[in-house]
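Each remark here refers to the structure printed beneath this line.
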Amino acid sequence: NPTPLDYCTYLLVRAADAFFTRLPWNTARTLAEWMSVPWRVLKSGDRKELILDNIQKAFPGMSRAAARRILAGSCRSTFRTAVDGLQFRRLRDDEWRSCVGFRGLEKLPDPDDDRGIIFTSGHFGSWEMLSVALSRVGYPLTTVYRPLSNPLLNRYLEELRRAGGQRVVPKRNALRPLLKQLRKGGNAAFLIDQDSRHEGMFVDFMGRPAATYTSFARLSISTGAPVAFVYAREPGHRPCFHVKVADVVWPRADADRDDEVFRITQRITHDLEELVRQHPGEWMWTQRRWKTWPGKFEEGSSPKPGVLERGNEYN
């Protein structure tokens, strides 16, 4: 049963939702960016220093001051993206089409094709509105989520995602419904830049081994569905977005399964890395991407400590 704290948190989130969606979009975004400042100030010193260390390791030779500017931009982007997701969901058909442009859709199978597509992205740019935008141009998505401990908030976020055209399934036992969706021509979606802890495998990301979920690659091999890397970002300074299909990877039926899982996972991770290197202030550096390291695992465990020895073949 929900606790008193659960009720308070839920009411605060609902109030914030109502407040930010009733403000003019630009005003709401500006206010959200201002809110990122006290968040950075209150953030634990040790945690902040670790984030800055990660930025400098990703960009050798970068000064601490430059790393702080990237972190500040990342925090502003994260807060702004949350508002963009709320505002975009409320737009009518004639409104949202005027603020979104699509690129690279010709790389995908036709939406009426009976072949499913596995969409992948990261916590980059305007990722909160990405699934809504794809759903509205004929690619409704089934997304995997990790249930929250607050049942009221968890149910509300599920309803919010469904209102945006998504079908959501909890992370535990998600494989069967995803396989079912893909095999009947539906689409699945994954954010691929979270630390996978004891699951997945290590691939190279920003010059360091990163424990990475491989579910999307394994589903691709099992179903023959292509893996598309997509992202949304705002090239200017107003709510006008570009949604781009940057890469599409097809599974090779005659390849060794483990090698193919590694190839697809590394290539999609490399696609994200290219974006982060071009626009480092638009990626969520605050997540603990390198929390797991190869030395934690003994030989034969998972993630596989020797996986990086297979090389960095992206093609």
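We use all heavy atoms of the structure for the numbers below, so side chains are in, but hydrogens, waters and symmetry mates are not.
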>> side chain to side chain contact (heavy atoms under 4.5 Å, CB included) for Thr120 and Val230? Distances and angles first, verdict last.
In response: CA-CA 6 Å; Thr120 58; Val230 297; over 6 Å; no
> Yes or no on side chain to side chain contact (heavy atoms under 4.5 Å, CB included) for Arg136 and Arg97, after CA distance, side-chain angles and deciding distance?
Replying inline: CA-CA 9 Å; Arg136 291 184 176 179; Arg97 290 184 181 276; over 6 Å; no
> So Val276 and Trp285, side chain to side chain contact (heavy atoms under 4.5 Å, CB included) or not? Walk me through it.
Replying inline: CA-CA 10 Å; Val276 176; Trp285 288 94; 3.8 Å; yes
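Taking CG of Leu105 as the start and NZ of Lys107 as the end, the distance is 10.0 Å to the nearest 0.5 Å. Distance check: Arg47 CZ to Thr286 OG1 gives 7.0 Å after rounding to the nearest 0.5 Å. Atoms CD1 and CZ, on Ile268 and Phe216 in that order, are 6.0 Å from each other to the nearest 0.5 Å. Taken from OG1 in Thr81 to CZ in Phe124, the straight-line distance is 10.0 Å, to the nearest 0.5 Å. Note: Arg288 CZ to Asn54 CG = 10.0 Å, rounded to the nearest 0.5 Å. The distance from atom OG1 of Thr27 to atom CZ of Arg22, rounded to the nearest 0.5 Å, is 15.5 Å.
Val227 is not listed as a side-chain neighbour of Val248, based on a closest heavy-atom distance of 4.5 Å or more. Contact annotation: the side chain of Phe229 approaches that of Leu272 to within less than 4.5 Å [non-hydrogen atoms, C-beta and beyond]. Counting only heavy atoms from C-beta outward, the side chains of Thr143 and Arg167 never approach each other to under 4.5 Å. Between Val13 and Leu11 there is no side-chain heavy-atom pair separated by less than 4.5 Å. Between Val168 and Thr142 the shortest side-chain heavy-atom distance does not fall below 4.5 Å. Contact check for Phe102 versus Val245: no side-chain heavy atoms found under the 4.5 Å cut-off. At least one side-chain heavy atom of Leu91 sits under 4.5 Å from a side-chain heavy atom of Trp25. Between Arg76 and Trp34, the closest side-chain pair of non-hydrogen atoms is not below 4.5 Å.
Every residue two or more places apart in sequence or in another chain was checked for a side chain to side chain donor-acceptor pair (under 3.5 Å) with Glu128, and none qualifies. With sequence neighbours excluded, the residues satisfying side chain to side chain donor-acceptor pair (under 3.5 Å) with Trp96 are Asp93. Residues satisfying the side chain to side chain donor-acceptor pair (under 3.5 Å) test with Arg183, not counting sequence neighbours, are none. Contacts of Glu33 classified as salt bridge (Lys or Arg N to Asp or Glu O under 4.0 Å), with partners at least two apart in sequence or in another chain: Arg80. Shown here are the ring-ring contact (aromatic ring centres under 6.0 Å, His included) partners of Phe190, two or more places apart in sequence or in another chain: there are none. Residues meeting the salt bridge (Lys or Arg N to Asp or Glu O under 4.0 Å) test with Arg289, sequence neighbours left out: none. In terms of the ring-ring contact (aromatic ring centres under 6.0 Å, His included) criterion, residue partners of Phe119 (sequence neighbours excluded) are, by chain and number, Tyr139.
Judged by distance alone, with hydrogens and angles left aside, the side-chain atoms of Gln181 form no donor-acceptor pair with the main-chain N or O of Gly186 at under 3.5 Å. Trp283 contributes no side-chain N or O that, together with a main-chain N or O of Leu275, makes up a donor-acceptor pair within less than 3.5 Å. Checking side-chain atoms of Gln87 against main-chain N and O of Leu23 turns up a donor-acceptor pair under 3.5 Å. The closest donor-acceptor contact from the side chain of Arg90 to the backbone of Leu86 lies at 3.5 Å or more, if one exists at all. Looking only at distances, no side-chain donor or acceptor of Ser74 sits under 3.5 Å from a matching main-chain atom of Ala72. No side-chain donor-acceptor contact under 3.5 Å links Thr214 to the backbone of Ala217. Proximity of a side-chain donor or acceptor of Asn187 to a complementary backbone N or O of Ile117 within less than 3.5 Å is detected. Side chain of Asp84 to main chain of Ser126: no donor-acceptor pair is present (N/O by atom type, distance under 3.5 Å, no hydrogens or angles).
Side-chain N/O atoms of Asp6 and Thr3 include a donor and acceptor closer than 3.5 Å. A donor-acceptor pair shorter than 3.5 Å cannot be found between the side chains of Asp204 and Gln266.
Other cluster members for Leu191: Trp127, Met284, joined by side-chain heavy-atom distances under 4.5 Å among Ile, Leu, Val, Met, Phe, Trp and Tyr. Applying the under-4.5 Å side-chain rule to Ile, Leu, Val, Met, Phe, Trp and Tyr, the cluster around Leu50 consists of that residue alone.
The salt bridge (charged side-chain N to carboxylate O under 4.0 Å, His left out) pairs that include a residue from residues 153-165 are Glu158-Arg162, where partners are two or more places apart or lie in different chains. For the salt bridge (charged side-chain N to carboxylate O under 4.0 Å, His left out) condition, the pairs that include at least one residue of residues 53-65, sequence neighbours left out, are Glu49-Arg64, Asp53-Arg64. Pairs passing the side chain to side chain donor-acceptor pair (under 3.5 Å) check and including a residue from residues 222-232, sequence neighbours excluded, read Ser222-Arg257.
Minimum heavy-atom separation, Ser36 to Phe79: CB-CD1, 3.7 Å. Taking all atoms of both residues into account, the shortest heavy-atom contact from Ser135 to Leu141 is OG-N, 3.8 Å. Summarising the geometry of Ile55 relative to Ala67, their closest heavy-atom pair is CD1-O, 3.6 Å, with the distance given to 0.1 Å. Nearest heavy-atom pair, Arg263 versus Trp250, reported as atom, atom and distance to 0.1 Å: NH2-O, 3.0 Å. Minimum heavy-atom separation, Pro251 to Pro226: CD-CA, 4.4 Å. The shortest non-hydrogen separation linking Ser220 to Ala225 is OG-O, 2.6 Å.
Atom CZ of Arg103 has 12 or fewer neighbouring heavy atoms from other residues, nucleotides or ligands inside a 6.0 Å radius. For CE of Met62, the number of neighbouring non-hydrogen atoms (other residues, nucleotides, ligands) closer than 6.0 Å is greater than 12.
The side-chain tip of Arg267 does not point at the ring of Phe262 from less than 6.0 angstrom away and within 45° of straight on. Arg277 forms a cation-pi arrangement with Phe59, by the criterion of a distance under 6.0 Å to the ring centre and an angle within 45° of the ring axis.
Classified by interplanar angle (parallel below 30°, tilted 30° to 60°, perpendicular above 60°), the ring pair Trp290/Phe205 is parallel.
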